[in-house]
Amino acid sequence: MRLSPPAALVDIELQPGKPPILLAEATSDPPGWAAEHRDALRAVVAEHGAVLVRGLGLRDAAETAAVFRRLSTGLMTEREAFAARQVYADGVYSSATWPANQPMCMHHELSYRLEVPSLLLFACLRAPTTGGATAVSDSPTVLDALPKDLTERFARDGWILTRSYNDEIGTTLGEAFGTEDRGAIEGYCRANAIEFAWQPDGELRTQQRRSAVVQHPMTGERCFFNQIAFLNEWTIDPEIREYLVEMYGAEGLPFNTGFGTGEPLTEEIVELINAVYEANTAREPWQAGDLMLVDNIRTAHSREAYEGPREILVGMADSVRVSDASSSKEVTPR
């Protein structure tokens, strides 16, 4: 297809099973190119939910950070991270630390926060030998494909995320909250509708209820927006899950999810959600220099298992408060 002015770009390739791909001409000034084509790229994302830009030739973190800033209205500082990241610049991070042989299932970034990024920016500086694609899935399509009684329950009751923080697995308090000061952490939790309890050994456990089905802030379209399956115990590799339960107990897992009523999810429900995502997945292997823009509310993303070095930079941008348009009961700070 060819977009009409002012969003004119070269042809967007639309193929089944792949995200929209834009073939850009190589340039010595990627930030300048990004500034020139910002509105056009964002128009493509608004229409399709994501776009992979190939041929731009991004070379390093500084150049990538400049491109991210040109394409967004503001990069976010990550809070409540579930896995550690390297910080390259303000608002520019590495992909989350996660075992290369373990996939990261479909999810919407930071969907358990009250304020979330509406736009995700990815850049590939080094592509893996095999695998490692950042695949995408259309959230309204997934919502329609799931059983109606299940989605109605999630829309009505929301979902709950429980977390246990320790210094051995997952993120530390400093990595998640930007501080290890108890008073500051408690203040953050109160301001962000997070229940918390300090354990005798100093471990922090938190619980937060969030909407699972929200309205897109621009289109009003209903989206299955959450990390219900990804952060659930049944998505963890069985051997790793068994080890974690043995070490920390069923209540001490680094993260777990359930229905908003507090009822746990069955393995069958989690498998069903992941299967529906897989049936509606678009993927394209990374090439060094690639850029990808993703509508974080309309489009879920994943990271496939891989081999070889992989360097993907991430920007979380243009924060919105999706709970203001949620389908389930409003969640407000205490």
Side-chain angles (χ1 to χ4, degrees), residues 49 80 82 103-116 118 136-164 192-195 205-236 238 241 245 250-251 253-281 295-302 320-334:
E80 303 179 50
F82 66 85
M104 298 173 69
C105 299
M106 283 290 176
H107 62 284
H108 297 263
E109 201 69 34
L110 299 179
S111 60
Y112 44 80
R113 289 193 59 188
L114 295 182
E115 287 193 0
V116 305
S118 63
V136 293
S137 183
D138 184 70
S139 174
T141 301
V142 169
L143 183 66
D144 290 342
L146 287 167
K148 187 175 181 180
D149 60 340
L150 180 62
T151 58
E152 286 181 344
R153 182 175 182 183
F154 277 130
R156 180 182 67 249
D157 298 331
W159 64 296
I160 282 180
L161 171 66
T162 57
R163 299 186 65 173
S164 295
N192 288 277
I194 300 173
E195 298 178 2
R205 292 186 182 177
T206 64
Q207 184 176 90
Q208 55 215 87
R209 178 180 175 272
R210 297 294 185 252
S211 299
V213 179
V214 305
Q215 291 178 305
H216 194 284
M218 297 300 294
T219 67
E221 195 169 21
R222 295 175 78 237
C223 299
F224 190 63
F225 178 78
N226 53 73
Q227 282 162 260
I228 290 170
F230 175 44
L231 296 181
N232 188 269
E233 62 179 309
W234 297 115
T235 298
I236 302 173
R241 175 183 174 274
V245 171
E251 300 300 318
L253 293 173
F255 44 76
N256 204 357
T257 63
F259 288 106
T261 56
E263 182 179 339
L265 293 161
T266 65
E267 184 176 6
E268 291 72 23
I269 288 175
V270 175
E271 289 179 347
L272 172 63
I273 294 172
N274 284 328
V276 171
Y277 273 129
E278 178 58 31
N280 293 279
T281 289
D295 180 331
N296 186 43
I297 300 171
R298 173 179 166 179
T299 307
H301 70 281
S302 65
V320 296
R321 190 181 176 93
V322 291
S323 60
D324 290 343
S326 65
S327 299
S328 56
K329 185 178 178 181
E330 178 75 7
V331 180
T332 56
R334 294 185 295 166

From CA spacing to verdict: side chain to side chain contact (heavy atoms under 4.5 Å, CB included), I160, Q207: CA-CA 7 Å; I160 282 180; Q207 184 176 90; 3.4 Å; yes
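- Using a 4.5 Å cut-off on side-chain heavy atoms (C-beta onward), D295 and H216 make contact.
- Side-chain contact between P140 and C223: present, with at least one pair of heavy atoms (C-beta onward) separated by less than 4.5 Å.
- The backbone N or O of R209 sits nowhere less than 3.5 Å from a side-chain atom of W159 that would complete a donor-acceptor pair.
- Evaluation of the side-chain hydrogen bond (donor to acceptor under 3.5 Å, both in side chains) rule for E278 yields R283 as partners, not counting sequence neighbours.
- Of the possible donor and acceptor atoms, one in the side chain of N232 sits under 3.5 Å from a partner among the backbone N and O of W234.
- The CZ atom of R205 sits 4.5 Å away from the OG atom of S164 when rounded to the nearest 0.5 Å.
- Scanning all heavy atoms of the two residues, the minimum distance from F154 to I273 falls at CE1-CD1, 4.2 Å.
- The side chain to side chain contact (heavy atoms under 4.5 Å, CB included) check on A145 picks up V276, N280, with sequence neighbours excluded.
- When every heavy atom of G49 is checked against every heavy atom of T299, the shortest pair comes out as O-OG1, 3.0 Å.
- The minimum heavy-atom distance between A193 and Q208, with the atom names listed, is O-CB, 3.9 Å.
- Atoms CZ and OG1, on F255 and T206 in that order, are 12.0 Å from each other to the nearest 0.5 Å.
- Take T162 and apply the side-chain hydrogen bond (donor to acceptor under 3.5 Å, both in side chains) test, not counting sequence neighbours, and it matches no residue.
- Dense packing is recorded around CD of E115, with more than 12 heavy atoms of other residues, nucleotides or ligands lying under 6.0 Å away.
- Remark: the backbone N or O of A229 is paired with a side-chain donor or acceptor of T235 at under 3.5 angstrom.
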Atom pairs and distances, side-chain donor-acceptor, residues 259-272, under 3.5 Å, sequence neighbours left out:
residue : atom : partner : partner atom : Å
E263    : OE1  : R153    : NH2          : 2.5
T266    : OG1  : I269    : N            : 3.2

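- The distance from atom OG1 of T151 to atom CG of D149, rounded to the nearest 0.5 Å, is 7.5 Å.
- With sequence neighbours excluded, no residue forms a side-chain hydrogen bond (donor to acceptor under 3.5 Å, both in side chains) with S137.
- Considering CZ of R210 and CD1 of I194, their distance stands at 5.5 Å, rounded to 0.5 Å.
- With sequence neighbours excluded, no residue forms a side-chain hydrogen bond (donor to acceptor under 3.5 Å, both in side chains) with T281.
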Using a 3.5 Å cut-off and no angle test, enumerate the donor-acceptor pairs between side-chain atoms of residues 104-112 and protein atoms at least two apart in sequence or in another chain.
residue : atom : partner : partner atom : Å
H107    : ND1  : C105    : O            : 2.8
H107    : ND1  : H301    : O            : 3.2
H107    : NE2  : E109    : OE1          : 3.4
H107    : NE2  : H301    : NE2          : 3.4
H108    : ND1  : N296    : O            : 2.6
H108    : NE2  : F224    : O            : 3.1
E109    : OE1  : H301    : NE2          : 3.1
E109    : OE2  : R85     : NH2          : 2.9
S111    : OG   : H108    : O            : 3.3
S111    : OG   : Q227    : N            : 3.2
S111    : OG   : Q227    : OE1          : 2.9
Y112    : OH   : E80     : O            : 2.6

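- In this structure, the side chain to side chain contact (heavy atoms under 4.5 Å, CB included) partners of E233, at least two apart in sequence or on a different chain, are R241, L253, N256.
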